[in-house]
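These notes are about the structure you will find just below.
Residue numbers start at 1 and run along the sequence shown.
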Amino acid sequence: MYSRNQYLKEVREEYLKTKSKKEKARLLDEAEKRTSLDRKYLIRKLKPLSNLDKKKEQRKKRKVVYDGYVKAALAKVWEIFDYPCGQRLEPLLKTQVERLRELGELNCSDEVAEKLKRISPRTIDRKLKHQKEVLHWKRKYRPRNNPLLYQKIPVRAGDWDRSLVGQVDIDLVEHCGSSARGEFIHSLSTVDIASSWWEGEGIMGRAQGRTFEALTNIRKRTPFRWLEMHPDNDSALVNWHLLRYAESEGITFSRSRPYKKNDNSFVEQKNSTHIRAFLGHLRYDTEKELEIINDLYRNELRLYKNFFQPVMKLKEKIREKGKVHRKYDVPKTPYQRLVESGQIPEPTRKELEALYLSLNPAQLKRNIEMKLNKLYQAYQEKSRRDAVKPFKKQNPRMGLHFI
């Protein structure tokens, strides 16, 4: 802006000397091109005695009515009355300032007290803007309910060895529909970072004991040894049950940074492609639905995704002139990546190979569709059952029921 003003000063000297409209139009065209300013704004700028000539000390300063003493007293009253907005605080100031001074809770001069009585709600909000920001940050980073547990679990953010099998991302997916009220089914989703091997398990609610049981069931099904568990900061996953389990089994336990969802990017991708794409966003909250979901997770879905769904992995990301170019490796299934890694025992490799040769992807797909239809039928039956409730009165004319 300083350079632009210097340029406009030079242009204005020439603009004021010339009397030809054609020459003035040429100067305006040039200035408009160089500064990208609107033409009408440039005409006002190039007039005599414009703001370009005024120095900072020459400009008329606005008189400060509500100074720092008023702000300090205002913040004190605002804190006493539990941080109300300006509209609610303004009538309190008119009636309570003198009373607080008499009680010794507010120490201010008569002049400050008079200013507090006539300050407007909008000015109150403007003067308290900084105090509100400070209070917001204090509340945002307040100590958690269990700070010792979170201190014992180290934070890890993205520095993964993507060739090492056994680093598992963990997340919970809610199936609450449009309302999170009551108890409903959650899907515990896990994925290996190196091979993209995915496993899932459904649980009712989010109790720590059920989450722990589901995680142990998933670990029994995975064909590799777990080296590290990495959930987000969800209290259902970061708890003493899992911490003691990880320590007893020799598994490293780490967590994501608060408010950084991309630290669990690997499992977040699978939540979309492996869970939401099949189960959708409906509400599942019955034991029958839980049984169908677990039957799907433990059998066809895991086999279909891990043995017959290729995954592309990012090799490098290059930025050229503001554009990002991504290069991916050859798409391979999690089964192929796991076998090629050479990090699983030979008996396990042979079992996986025999299982792969015995599978029919078309039949797996048909079984998945059949179970999803069965799940949707259970959902519809539940919805019809919930819609038909015991009625006390019935309107015979309209056929409508009233409770």
Please determine, by modelled atom types, if [X] and [Y] share a side-chain donor-acceptor pair under 3.5 angstrom.
X: Arg219; Y: Tyr245; result: yes
X: Lys313; Y: Ser196; result: yes
X: Ser189; Y: Asn271; result: yes

N/O donor-acceptor pair under 3.5 Å between [X] side chain and [Y] backbone:
X: Ser272; Y: Gln269; value: no
X: Asn239; Y: Leu242; value: yes
X: Asp295; Y: Glu291; value: no
X: Glu268; Y: Asn264; value: no
X: Gln208; Y: Ala236; value: no
X: Asp169; Y: Val191; value: no
X: Arg221; Y: Gly200; value: yes
X: Arg319; Y: Lys323; value: no
X: Arg210; Y: Met204; value: yes
X: Glu289; Y: Thr286; value: yes

Practice prompt. Evaluate the salt bridge (charged side-chain N to carboxylate O under 4.0 Å, His left out) criterion for residues Glu247 and Arg244: first the C-alpha distance (whole Å), next the side-chain angles of each, then the deciding distance (0.1 Å), finally the verdict.
Written response: CA-CA 5 Å; Glu247 291 175 349; Arg244 296 191 187 99; over 6 Å; no

Quick one, Asn367 with Gln363, criterion side-chain hydrogen bond (donor to acceptor under 3.5 Å, both in side chains). Give me CA distance, side-chain angles, the key distance, then yes/no.
CA-CA 6 Å; Asn367 291 344; Gln363 185 61 42; 3.0 Å; yes

### Among Asn306, Asp329, Asp192, side-chain hydrogen bond (donor to acceptor under 3.5 Å, both in side chains) partner for Arg337
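Single side-chain hydrogen bond (donor to acceptor under 3.5 Å, both in side chains) partner of Arg337 among Asn306, Asp329, Asp192: Asp329.
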
Roughly how far, to the nearest 0.5 Å, is [atom2] of [Y] from [atom1] of [X]?
X: Glu201; Y: Leu172; atom1: CD; atom2: CG; value: 12.0 Å
X: Leu372; Y: Ile292; atom1: CG; atom2: CD1; value: 9.5 Å
X: Leu290; Y: His175; atom1: CG; atom2: NE2; value: 10.0 Å
X: Leu215; Y: Glu213; atom1: CG; atom2: CD; value: 11.0 Å

**Message:** When you compare the side chain of Leu237 with that of Leu188, does any pair of heavy atoms fall below 4.5 Å?
**Reply:**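 When only atoms from C-beta onward are counted, Leu237 and Leu188 do touch, with a gap below 4.5 Å.
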
| query | Is any side-chain heavy atom of Lys305 less than 4.5 Å from a side-chain heavy atom of Leu301? | reply |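 The answer is yes, as the side chains (C-beta and beyond) meet within the 4.5 Å cut-off.
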
Could you report the tightest heavy-atom contact between [X] and [Y], atom names first, then the distance?
X: Ile344; Y: Pro223; result: CG2-O, 3.8 Å
X: Pro331; Y: Pro310; result: CB-CB, 3.9 Å
X: Gly86; Y: Asp125; result: N-OD1, 2.9 Å
X: Ile275; Y: Ser187; result: CD1-CB, 3.9 Å
X: Leu116; Y: Ala73; result: CD1-CB, 3.8 Å
X: Ser179; Y: Arg283; result: O-NH1, 2.6 Å

Notebook entry, point to check: Between Leu314 and Lys327, does a side-chain contact (heavy atoms from CB on, under 4.5 Å) hold up when you go through it step by step?
Noted result: CA-CA 6 Å; Leu314 184 67; Lys327 293 185 179 181; 5.9 Å; no

Stepwise salt bridge (charged side-chain N to carboxylate O under 4.0 Å, His left out) check, Asp285 with Lys382:
CA-CA 9 Å; Asp285 53 7; Lys382 176 193 66 177; 3.1 Å; yes

Identify whether the distance between the nearest side-chain nitrogen and carboxylate oxygen of [X] and [Y] falls below 4.0 Å.
X: Glu340; Y: Lys332; answer: yes
X: Lys115; Y: Glu111; answer: yes
X: Glu105; Y: Arg99; answer: no
X: Lys117; Y: Glu114; answer: yes
X: Arg26; Y: Glu30; answer: no

Practice prompt. For the pair Phe224 and Val168, evaluate side-chain contact (heavy atoms from CB on, under 4.5 Å) and give the outcome as yes or no after the intermediate values.
Written response: CA-CA 11 Å; Phe224 51 85; Val168 181; 4.2 Å; yes

Are the ring centres of Tyr297 and Trp198 closer than 6.0 Å?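 Ring-ring flag for Tyr297/Trp198: true, centres closer than 6.0 Å.
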
| said: Can you confirm if the aromatic rings of Phe308 and Tyr356 lie within a centre distance of less than 6.0 Å? | reply: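 Under 6.0 Å, so yes.
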
Given Phe266 and Arg162, is the side-chain contact (heavy atoms from CB on, under 4.5 Å) satisfied, shown in steps? CA-CA 11 Å; Phe266 300 96; Arg162 301 196 181 189; 3.8 Å; yes

Inset, instruction - Go through the steps to decide whether Ser120 and Glu90 satisfy the test side-chain hydrogen bond (donor to acceptor under 3.5 Å, both in side chains), and finish with yes or no. - result: CA-CA 7 Å; Ser120 66; Glu90 188 255 348; over 6 Å; no

* Asked: Can you list every side-chain hydrogen bond (donor to acceptor under 3.5 Å, both in side chains) pair that touches residues 69-81, not counting sequence neighbours?
  ->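 For residues 69-81, and leaving out neighbouring residues, there are no side-chain hydrogen bond (donor to acceptor under 3.5 Å, both in side chains) pairs at all.
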
- List the steps, then state whether salt bridge (charged side-chain N to carboxylate O under 4.0 Å, His left out) holds for Lys365 with Glu300. CA-CA 8 Å; Lys365 182 65 174 175; Glu300 287 83 3; over 6 Å; no

Checklist entry - Hey, what's the ring geometry for Trp197 with Phe307, parallel, tilted or perpendicular (30° and 60° as the breaks)? => result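 Correct class here is perpendicular.
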
* Fit a plane to each ring of Trp160 and His230, take the angle between them on a 0 to 90° scale, and name the class: parallel (under 30°), tilted (30 to 60°) or perpendicular (over 60°). =>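 Judged by the thresholds at 30° and 60°, the geometry between Trp160 and His230 is perpendicular.
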
Under the ring pair (Phe, Tyr, Trp, His ring centres under 6.0 Å) test, which residues partner Tyr304, sequence neighbours left out?
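Counting only residues at least two positions away or on another chain, Tyr304 forms no ring pair (Phe, Tyr, Trp, His ring centres under 6.0 Å).
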
Handout entry: Residues which pass ring pair (Phe, Tyr, Trp, His ring centres under 6.0 Å) with Phe184, listed by chain and number, not counting sequence neighbours
Key =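 With neighbours one apart ignored, the set is His186.
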
**Prompt:** So Arg39 and Asp29, salt bridge (charged side-chain N to carboxylate O under 4.0 Å, His left out) or not? Walk me through it.
**Reply:** CA-CA 8 Å; Arg39 195 177 188 85; Asp29 292 338; 2.6 Å; yes

Could you walk me through whether Asp386 and Ser383 pass the side-chain hydrogen bond (donor to acceptor under 3.5 Å, both in side chains) check? CA-CA 5 Å; Asp386 293 342; Ser383 301; 5.8 Å; no

Requested in this report: Validate the cation-pi geometry between Lys24 and Tyr15: distance from NZ or CZ to the six-membered ring centre under 6.0 Å, angle to the ring axis within 45°.
Outcome: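 Yes, cation above the ring, under 6.0 Å and within 45°.
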
Under the criterion side-chain contact (heavy atoms from CB on, under 4.5 Å), I'd like the reasoning laid out for Lys152 against Trp240: C-alpha separation, chi angles, the key distance, then a yes or no. CA-CA 10 Å; Lys152 289 178 68 68; Trp240 290 105; 3.6 Å; yes

